Every structure is written in structure tokens, then in C-alpha cells.
Amino acid sequence: MLTIGAGAYTHDLLLPDHDAIAEWRRLRDRLAHADRATTAAALATLAGGIRRTVIGTIAAAGIGHAGGDLSVTDILTTLYGAVLRVDPANPGWPDRDRLILSKGHCAVALYTTLTTCGYFSAERLSSFAAPLSPLNGHPSRRAVPGIETSTGPLGHGLPVGVGIAVGLRLRGSAARTVVVLGDGELQEGSNWEAAMAAGHRGLTSLTAVIDRNGLQQGARTSATNDLEPLADKWAAFGWEAVEVDGHDHLALLDAITAPHDAGKPRAVIARTVKGRGVSFMEDRVEWHHKVPDSEQARLALEELR
């Protein structure tokens, strides 16, 4: 329900899904003691369900960024399935880890991942991008539980993440801050100012994960403004840089959770494929924000079974 008063709009609340929370907790407990093969299989199953929901949500809404949602899915699955210390029943828990999706246009992948944890019911995804829906095309921290900062304008997530990491350190908190960035947005200078500040301060609680799919709106990143050698750039700003297959859950898990022995923040460059899992979307620049029609959605869901 939408209420109007004193010139402000207040959306209906997205309430916790306690059944989903219980299922997510069982998964986390199981993976905490599982062998690597079991962990990989469980995360792959979780990612497959998220991808199918992403396609269905975008097709129904007629708006979205399917290619980038599918490329970032394995990153988000690994983080929420096996890494982040969060409590969906208490999103404001002071000692929670913080996740910032700087590439905010890929909100559907994040919203869907949050529903698998139980932050709110998956049924609410049907309202994505509807007029006055809390599930906007870019995530809002004032409308959606589990969102740490509103994102959309590219280049903002990492500066905010640096500030959060500094604040947590001053408070004596052991909480981690993870910022998921698109590779195209690394052409924004604000990221490198933030990277320099984080390197200078030795923010070992800060991890940047770059969804390195090589494509941005309209072109390849190399054609727009070449980023390579990307790992060397992060290292030059005082970060530990690690490159991994961004669709390998175990490789992501190892890269994100390894001790920060170097006393530096860590940049995980996750090599991904835009449109991952759907053959006619993979590595195709037009799927940055193209919406599948009903037949394309059907074919995509068949491939993702």
C-alpha cells in the first residue's frame, strides 16, 4: 500500500520471508562443514535458480539488464551462499558484513539473491519496476531490506564502500565490506580516488569484486577506454589483485576469503561472460539492456534448466 502525507511517499514494507530464511540458514550451516565438491554443487544449484528467476522477472516487467545480471549471478551466489555474515531477519544488525552492488543497474540479480536468503518474499519480484514499487530498476536502501547504499550512478559504490570500511574500523568492528563493480564503471575516476585512499589506509576488511565481462553499454570496454593491465592498476594503487574465473564458485570463494596477508585491500577480478548460461545472450553487447520477448524467454529458461 502507498500512503501519501507531508509531501513524502512511503512504500509498503518488504517483510522477511521466514521460511526462506530458515532454508538459507540450513544451507549456510551445511556448507560450513561441507567438502568442496558439495559446496560447488550447492552453489551451482542456487545460481541456476537465480538465473531462471532473473529471466522471468525481466521478461515479465519488460525492462532490465539481463546480460549483466547473468554475468554477476555467480559472484552474488558465492557471497550470500558461503561468505557474508548477514542476518536476513535483522538487516540492520550492527556487526553484519556490508555488500554494495555498485553496478546498480543489475538490481534484479541482487533482488533475486536477497529473496533466496529471505530478506523478502520472492513473490514480490512480480512488482519489479512497476510504478511506485520499492523494487526499482536501481536498488534503494530506503525501500529494500538488505541494500546498504542506493546505487545507479556508476563510480559511486567503491567510494561509499571505502567510507563504510573506515567507519567500521574506527568502531572496532570485524565486519567486512564487499563492493561488486562492473568493469565499464572502472572508467570513472572516482573509483581510482577511492582505491588510492583504501590502499593508503591499508583497509584489509575491504574487498572489491569486479564483474569483468568485457562489455558495457554499446561496446566492448577495450573499445571505449581500455582497462588493461587491470590487475597491475589495482596493485599500483596499493591493493592485492587476484584474477579468477568469475563463474567458478570455488575459485571465487577462495579468492574472497583468503587471509589478507599483505595488509592491503583486495581486488578480485572475476572474468565473466555477459549473458552467462543463455547461448544467444552470451558475450553479446546488445543484451546490456535488451529485454527478451516471450519466445526468447522460453528458450532461455529451457537452456537454464
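Only a predicted model underlies this, so the values are computations on that prediction, with no experimental measurement involved. Hydrogens, waters and symmetry mates play no part in the numbers below; they use all other heavy atoms, side chains included.
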Inset, instruction - Check for a donor-acceptor pair, side chain of Y119 on one end and backbone N or O of Y111 on the other, with a separation under 3.5 Å. - result: no
Inset, instruction - Spell out, as yes or no, whether a donor-acceptor pair under 3.5 Å connects the side chain of D74 to the backbone of H249. - result: no
Legend entry - Min side-chain heavy-atom separation H105-H138 under 4.5 Å: yes
Inset, instruction - Drop me the distance from I58's CD1 to T53's OG1, to the nearest 0.5 angstrom. - result: 11.0 Å
Inset, instruction - Assess whether atom CZ of R284 is packed by more than 12 heavy atoms of other residues, nucleotides or ligands within 6.0 Å. - result: no
Legend entry - Listed partners of E193 passing side-chain hydrogen bond (donor to acceptor under 3.5 Å, both in side chains), at least two apart: none
Legend entry - Considering all heavy atoms, the nearest R266-I256 contact: NH1-O, 3.7 Å
Inset, instruction - Assess whether atom CZ of R96 is packed by more than 12 heavy atoms of other residues, nucleotides or ligands within 6.0 Å. - result: yes
Inset, instruction - Verify the neighbour count for atom CD of E123: are there more than 12 heavy atoms of other residues, nucleotides or ligands below 6.0 Å? - result: no
Inset, instruction - Specify whether W192 and W234 have parallel, tilted or perpendicular ring planes, treating 30° as the upper limit for parallel and 60° as the lower limit for perpendicular. - result: tilted
Legend entry - L250, CG atom: more than 12 neighbouring heavy atoms under 6.0 Å: yes
Inset, instruction - Without swapping roles, check the side chain of W239 against the backbone of A198 for a donor-acceptor pair under 3.5 Å. - result: no
Inset, instruction - State, with a plain yes or no, whether a side-chain heavy atom of D254 is found less than 4.5 Å away from one of V242. - result: no
Legend entry - Exercise: identify the closest heavy-atom pair between F120 and L135: CZ-CD2, 3.8 Å
Legend entry - Side chains of H156 and T149 in contact at under 4.5 Å (non-hydrogen atoms): no
Inset, instruction - Taking all heavy atoms of N191 and all of G155, pick out the closest pair and write down the distance. - result: ND2-CA, 3.7 Å
Legend entry - Over 12 foreign heavy atoms within 6.0 Å of CZ, R141: no
Inset, instruction - Please check if L14 and W93 belong to a single hydrophobic cluster, counting links between Ile, Leu, Val, Met, Phe, Trp and Tyr side chain heavy atoms closer than 4.5 Å. - result: no
Inset, instruction - Determine yes or no for a side-chain-to-main-chain donor-acceptor pair under 3.5 angstrom, with E188 supplying the side chain and E185 the backbone. - result: no
Legend entry - Result of checking D211, I210, V209, L227 against I269 for side-chain contact (heavy atoms from CB on, under 4.5 Å): I210
Inset, instruction - May I ask you to check whether S279 and E303 show a side-chain donor-acceptor distance below 3.5 Å? - result: yes
Legend entry - Any side-chain heavy-atom pair of T73 and T112 under 4.5 Å: no
Legend entry - Worked check of side-chain contact (heavy atoms from CB on, under 4.5 Å) between T257 and V83: CA-CA 7 Å; T257 61; V83 177; 3.9 Å; yes
Legend entry - Expected output: side-chain T151 to main-chain G157 donor-acceptor under 3.5 Å: no
Inset, instruction - Can you see which heavy atom on S150 is nearest to which on S140, and at what distance? - result: OG-CA, 3.4 Å
Legend entry - Heavy-atom side-chain proximity of T38 to R30 below 4.5 angstrom: yes
Legend entry - Check ion pair E23-R26 (N to O, under 4.0 angstrom): no
Legend entry - E240 side chain vs A262 backbone, donor-acceptor pair below 3.5 Å: no
Inset, instruction - Check whether any side-chain heavy atom of H260 lies under 4.5 Å from a side-chain heavy atom of T207, and answer yes or no. - result: yes
Inset, instruction - Compare all side-chain heavy atoms of L186 with those of L181 and state whether any distance is below 4.5 angstrom. - result: yes
Inset, instruction - Check whether L31 and V86 end up in the same hydrophobic cluster, where Ile, Leu, Val, Met, Phe, Trp and Tyr are linked by side-chain heavy atoms less than 4.5 Å apart. - result: yes
Legend entry - Minimal non-hydrogen separation, P16 against I21, with atom names: CB-CD1, 3.9 Å
Legend entry - For A107 against G137, the heavy-atom pair lying closest together: CB-O, 3.6 Å
Legend entry - Partner of D283 under salt bridge (charged side-chain N to carboxylate O under 4.0 Å, His left out), chosen from R271, R220, K274, R276: R220
Legend entry - R142 atom CZ, neighbour heavy-atom count above 12 within 6.0 Å: no
Legend entry - Contact check, side chains of L215 and W287, non-hydrogen atoms, under 4.5 Å: no
Inset, instruction - Applying salt bridge (charged side-chain N to carboxylate O under 4.0 Å, His left out) between D183 and each of K233, R212, K103, report the one that passes. - result: R212
